[in-house]
2 protein chains.
Amino acid sequence: MNFTSKKLALLLVLLVAPFLVKGQTISSPDKNLSLKFELKNGVPSYELSYKGKPVIKPSKLGIEIKDAPSFMDGFTVKNTAQSTVDDSWNPIMGEERTIRNKYTELVVTLSQEKNNGRYINLKFRLFNDGLGFRYEFPKQKDLSYFIIKEEHTEFKLAGDHKIFWIPGDYDTNEYAYMTSKISEIPGLQKKATIEINAQQPIKNPSVQTPSMMKSADGLYINIHEAALINYPAMFLNVDTATMTFSSHLTPDAVGNKGYMQTEAQTPWRTIVVSDKATEILASKLILNLNEPTKYKDVSWIKPVKYIGVWWEYFVAGKSTWAYGTENNVKLSDDFSKLTPNGKHGATNERVMRYIDFAAANGFDGVLVEGWNVGWEDWIGNWKEEVFDFVTPYPDFDVVKLREYAKSKGVKIIMHHETSASVTNYERRLDRAFQYMKDNNYSSVKTGYVGTIIPRGEHHDGQSMVNHYIHVAERAADYQIMVNSHEAVRPTGLHRTFPNWFAQESARGTEFEAMGGLAPEHTTILPFTRLMGGPMDYTPGIFQTDLSYYKTGGNQRVNTTLAKQLAYYVTMYSPLQMAADLPENYERFPDAFQFIKDVALDWDHSYNLEAEPGDYITIARKAKGKNEWFVGGITDENSRTSSINFDYLPKGKKYIATIYADAKDANWNEKPQNYEIYNVVVTSKSKLKQYIAPGGGYAISIKEATDSELKGLKKL
Amino acid sequence: MNFTSKKLALLLVLLVAPFLVKGQTISSPDKNLSLKFELKNGVPSYELSYKGKPVIKPSKLGIEIKDAPSFMDGFTVKNTAQSTVDDSWNPIMGEERTIRNKYTELVVTLSQEKNNGRYINLKFRLFNDGLGFRYEFPKQKDLSYFIIKEEHTEFKLAGDHKIFWIPGDYDTNEYAYMTSKISEIPGLQKKATIEINAQQPIKNPSVQTPSMMKSADGLYINIHEAALINYPAMFLNVDTATMTFSSHLTPDAVGNKGYMQTEAQTPWRTIVVSDKATEILASKLILNLNEPTKYKDVSWIKPVKYIGVWWEYFVAGKSTWAYGTENNVKLSDDFSKLTPNGKHGATNERVMRYIDFAAANGFDGVLVEGWNVGWEDWIGNWKEEVFDFVTPYPDFDVVKLREYAKSKGVKIIMHHETSASVTNYERRLDRAFQYMKDNNYSSVKTGYVGTIIPRGEHHDGQSMVNHYIHVAERAADYQIMVNSHEAVRPTGLHRTFPNWFAQESARGTEFEAMGGLAPEHTTILPFTRLMGGPMDYTPGIFQTDLSYYKTGGNQRVNTTLAKQLAYYVTMYSPLQMAADLPENYERFPDAFQFIKDVALDWDHSYNLEAEPGDYITIARKAKGKNEWFVGGITDENSRTSSINFDYLPKGKKYIATIYADAKDANWNEKPQNYEIYNVVVTSKSKLKQYIAPGGGYAISIKEATDSELKGLKKL
């Protein structure tokens with residue numbers, strides 16, 4: 001059993017004559033949140049308040065249908081039902097060993113007499129940390145198939161909030177975050193829409209979700225979606241006249257937005273609310289709204305700490321994905337006949353060097369990109385047959401490396417860059433996974449760089465949403481774990497498909513080598529991208545000044561070295577990379593020790609300090625061990641973090657190793673100046689830790705013998 | 001070795017200064033055809049004549065490119081080369097044991113100085129029976145990837161010919177043939193565009209290929225294409241002011257027409273010409289322009305004569321593809337829980353009855369449609385996950401039937417209706433074929449009824465053209481033969497992919513149960529659809545009056561019974577169905593004998609009489625046997641066929657069994673009135689055979705002992 005179910009549901013079915021009941025109100029279990037449903041002139045709406053403050057003002061709900069009557073108006077309330085649930089479950093991997101699932105549910109059945117009594121359900125679940133609701137289309141005589149023209153869900157906000165946002169785009173979520181007032185979005189839309197490969201920006205003012213806001217009176221509000229299955233991803237149109245967001249679904253190649261067959265439902269629309277930023281980070285609402293996995297055996301799903309032949313492609317300039325100098329190749333070519341460019345990265349020698357390093361330092365895996373034929377002209381040509389996923393370059397001996405990795409107890413991680421040619425990938429998928437099993441690979445990094453094939457489809461459309469899940473399910477058949485890059489943003493589906501254990505789906509570390517990331521970037525991501533699920537952010541860059549490499553220009557990774565360590569705690573993922581080159585870790589063995597030590601799976605997490613755009617400090621207890629790890633980061637401003645350790649068992653002394661910025665460190669100058677010191681901590685300890693501009697700190701806390709503790713300063 | 005290659009090529013490379021050579025003329029080996037290439041003001045054109053008569057008047061050539069300079073003008077002749085080829089090859093199956101491949105070739109290299117000397121080749125091959133030409137795009141520094149906006153190949157005809165045509169449509173070729181003058185096409189376009197499931201008619205006047213014409217002065221002209229690979233299918237725009245056809249390629253979901261990567265080429269554009277209609281039927285030009293197969297082992301590719309659980313779905317009304325009464329099912333449903341409609345066709349009992357009949361009568365296979373879950377709502381909903389191709393209905397026991405068929409020496413033929421959901425089929429293809437192998441199936445009928453998914457793509461577009469070939473190639477990996485229905489019209493690819501051994505791709509027998517086919521229909525098909533390859537026409541309907549079935553209404557198959565026999569000879573295919581119900585064959589065992597006897601593969605074919613739209617008579621010698629079969633058909637008019645037997649070895653006597661319409665037979669009345677009689681024939685025999693309106697006749701000719709011949713009338 002991978003989850004416990006202790007259902008304490010009290011079902012109150014209220015059957016009331018439709019002409020009497022027009023509105024209904026429910027409260028969250030702690031009574032802080034209140035949801036009101038109302039039907040006005042046949043049009044449904046909802047409103048949400050937190051401790052008496054309006055969060056969402058009365059907002060309409062509706063779905064527009066193509067070539068058939070819509071679910072927009074003419075409704076009567078046919079039935080309402082309330083219930084409460086309080087149970088808990090254990091994720092296979094996660095930030096918490098046990099997740100409480102406690103909510104009040106309201107289901108409103110709305111029928112359209114003008115359309116033969118055709119009906120839908122609106123299902124609301126009100127948790128202590130927010131609201132989830134969705135449209136449900138039960139199987140019924142007069143409703144089997146329909147096509148969605150647009151969803152018209154409104155989120156009428158109560159003020160001109162501060163918002164952390166990226167612009168709406170059907171094909172990419174790799175934008176840099178903007179911070180502004182809602183009213184400023186239209187004016188900033190053009191500036192925000194920086195150039196990204198294969199982008200399709202939405203023309204009207206819009207933002208992507210998770211959308212993180214803060215109201216003038218101190219409410220933190222996060223809008224996203226949960227359980228995005230068989231439906232296009234949702235963007236939010238921005239109407240600054242009324243401070244209203246409204247749903248904008250990703251279209252398909254012919255402009256339709258969703259093909260539905262009853263029984264069907266939309267994803268959950270989620271609104272996480274709190275007056276504490278740390279509670280937003282702690283929310284498990286999105287996970288709770290996803291379905292438990294149907295996988296019977298999950299024993300093969302495990303955290304992975306890895307290194308990879310990867311960062312050198314971005315910075316070192318000395319190696320390339322491609323093997324040949326040619327710029328026009330076909331899969332039918334004999335790649336051993338190409339002219340070697342002399343810089344191919346994924347050679348036997350290089351991979352063996354990585355395997356050795358991984359084995360020596362306790363890593364589970366070695367990602368190898370550029371192992372397979374087709375990289376010479378893989379991008380920008382809307383080419384369908386780019387990769388076959390089963391043919392290595394002539395200098396990558398798959399059998400030799402398989403045996404070598406096996407002998408060292410390390411797994412090579414497969415790379416399936418699809419070049420966004422999804423038709424090509426799907427038709428080869430079974431053979432690609434079989435090839436992985438035959439060669440002892442158990443996890444794959446997928447990539448979707450480029451403009452989608454089938455042509456006209458988008459990364460965030462219904463067909464691609466289904467594709468990513470298809471890959472996860474097929475991979476599960478082969479006991480393969482999936483880490484997708486350039487896929488649609490996550491919505492908690494790692495609960496249902498736990499082998500799809502991480503995604504990129506945001507501007508990750510690679511952009512540090514392509515113009516850099518703002519120092520505040522990683523103080524925003526946990527409030528936005530990570531609300532949906534774990535991110536393969538690929539931290540751990542020690543050599544942040546890229547002019548170190550002859551080919552690196554003046555670029556730099558905009559953090560201190562210590563901040564890179566903190567990411568292993570602040571950026572939750574059961575998949576973590578140490579992204580820098582082995583030779584750089586060998587130059588800083590004491591700092592590298594933290595990466596070697598840090599856990600990937602947790603009993604409990606403590607969100608100690610947080611303000612989106614400014615700082616985050618999180619402590620976590622390693623799963624099944626008396627070990628704790630703390631990560632604290634700041635934006636471009638230095639700060640002093642003030643935390644305590646009251647989560648430690650009382651009355652016991654532990655040794656804490658603190659990896660901190662030196663006083664003279666700065667993301668822009670002396671980023672590699674750090675201090676490492678050991679102190680004794682107890683549950684009563686308090687720490688005031690300086691963090692440099694663009695910096696961070698990391699702490700590992702372990703049990704220790706008295707003699708180990710002897711002579712150490714007590715915190 | 002499956003083909004012989006006796007190349008007698010004389011290569012004459014003519015390197016001439018571009019400013020001198022602007023035109024060039026070549027002749028067919030027999031000098032009847034003459035092709036002139038010309039470059040006028042930088043624009044290439046060609047003209048074609050037959051015995052001095054113009055066939056194609058000077059017509060422009062060019063390809064329009066998207067977002068880049070086109071290959072339309074600004075050309076200079078960089079090089080020309082002439083050669084002749086005379087060799088032969090043996091198809092694995094076919095109408096001839098050996099095919100002669102004899103032509104004069106002209107290759108013109110055209111460069112565009114304004115575009116850095118970017119160049120293409122125009123390759124012309126002039127055979128005795130017509131012309132093939134194509135555009136070639138060699139690999140070169142400044143030309144790797146490009147997108148075709150439109151091909152502008154003209155066919156300027158010499159007069160207002162009689163033409164047998166169906167209207168241009170990106171998604172279907174199942175139209176009924178129109179016969180008119182070219183000038184009448186625009187006025188008839190609307191009438192010709194009858195309603196067909198999932199059609200996408202071209203708005204401007206256009207026709208499909210193969211397009212069959214007859215000039216006032218007795219020339220037969222057929223325009224089609226050969227080797228349609230990685231390119232969209234071509235339609236012909238019709239300009240009646242100038243009697244000019246011009247190429248119109250099938251667009252993709254975003255309106256583009258072809259994604260090209262050098263080295264690349266268009267399919268061959270083919271013009272078959274003769275002053276004898278029989279020579280059009282005899283032409284092997286299209287096959288010669290296709291590449292030999294690359295398959296190493298072809299021993300598993302064999303002709304198939306089959307029956308099937310099929311016709312009863314159309315006429316008997318007593319059985320259905322679907323098992324349940326529900327009209328909204330999902331693959332995740334438990335189909336054993338559906339409400340049985342009590343009329344499911346593919347039951348164990350029914351299939352065993354068919355297997356028994358097949359075994360008793362020497363058939364190779366039994367097609368079973370409706371064996372797999374999903375038929376309850378398979379059509380009209382643009383549904384993606386219709387079928388999984390591996391889950392039988394509860395009353396179809398795949399293992400039991402596999403063993404039963406094996407014990408009887410019969411193969412069950414798999415049916416993969418895709419509902420045009422190609423994404424769904426491709427991602428399941430490996431598993432579907434593995435399931436076939438596991439259950440002893442060696443051939444599959446595929447179907448593409450509906451509007452294509454990926455949405456926006458078309459049956460005849462580049463991506464679907466590639467899909468059909470992908471299926472053929474993947475099937476070959478599993479030694480599976482493919483018979484595709486609703487696929488793009490064939491272009492001789494059965495030479496290159498010989499396991500793709502038959503297609504429907506035209507209005508076939510099924511339409512006899514849906515309104516009927518004109519009696520002339522099958523006198524046109526061999527001049528149109530069959531020019532590209534074998535057709536699974538599914539002949540053999542004995543019970544032509546469908547009012548025989550309580551549920552058959554007043555419909556009828558518009559032929560006599562004897563004509564159905566003739567089809568086994570006039571409609572060439574190595575795959576032939578006896579489409580009627582076993583019980584109907586049991587009522588007419590003497591006529592059924594012809595279907596049991598007739599061969600599927602041939603040493604030689606003799607096109608004895610032919611006029612498109614009126615009549616066809618063909619004799620063929622069975623491969624490797626001293627057996628001959630003759631088929632003669634007429635349109636709605638009766639006629640007397642006059643043939644001789646001079647293809648028989650001289651001086652020997654054979655017994656001929658003639659299956660002919662009775663004097664009072666008619667497609668519309670007494671269609672089952674036939675006569676069967678035996679006569680003695682020699683190479684000097686002559687036959688005048690009456691054919692009823694909508695009728696036909698069939699003859700089998702075998703060696704016989706003197707005692708068998710004794711007493712028989714000599715022809």
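Just so it is clear: chains get the letters A, B, ... in the order the sequence lines come, proteins before strands, and each one is counted from 1.
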*With a 4.5 Å cut-off on heavy-atom pairs, point out which of A/Glu457, A/Arg474, A/Lys139, A/Glu263 contacts chain B the most.*
A/Arg474
_Steps toward side-chain contact (heavy atoms from CB on, under 4.5 Å) verdict (B/Tyr145, A/Asn327)_ = CA-CA 10 Å; B/Tyr145 293 91; A/Asn327 63 2; over 6 Å; no
*Sequence neighbours excluded, which residues qualify as salt bridge (charged side-chain N to carboxylate O under 4.0 Å, His left out) partners of B/Lys203?*
none
*Examine whether an atom of A/Lys383 lies under 4.5 Å from a heavy atom of chain B, and if so say whether it belongs to the side chain, the backbone or both; otherwise answer neither.*
side chain
_A/His470, part contacting chain B, at a heavy-atom distance under 4.5 Å_ = side chain
*For chain A, find which of B/Thr423, B/Thr262, B/Asn256, B/Ile147 contributes the most heavy-atom pairs closer than 4.5 angstrom.*
B/Thr262
*Got a second to check how far A/Glu384's CD is from B/Gln462's CD, nearest 0.5 Å?*
8.0 Å
_Separation between CD of B/Glu326 and OG of A/Ser144, rounded to the nearest 0.5 Å_ = 11.0 Å
*Side chain, backbone, both or neither: which part of A/Asp377 has a heavy atom under 4.5 Å from chain B?*
both
*asked:* Does A/Asn381 form a side-chain contact (heavy atoms from CB on, under 4.5 Å) with B/Tyr259? I'd like the steps, not just the answer.
replied: CA-CA 9 Å; A/Asn381 299 311; B/Tyr259 299 84; over 6 Å; no
_If I measure from the heavy atoms of chain A, does B/Val329 come under 4.5 Å with its side chain, its backbone, both, or neither?_
backbone
*Side-chain donor-acceptor pair under 3.5 Å between A/Gln261 and B/Asn328, yes or no?*
yes
*Could you name the residues of residues 427-436 of chain A that have a heavy atom within less than 4.5 Å of a heavy atom in chain B?*
A/Arg427, A/Asp430, A/Arg431
_Is B/Asp333 close to chain A through its backbone or its side chain, or both, or neither, when contacts mean heavy atoms under 4.5 Å?_
side chain
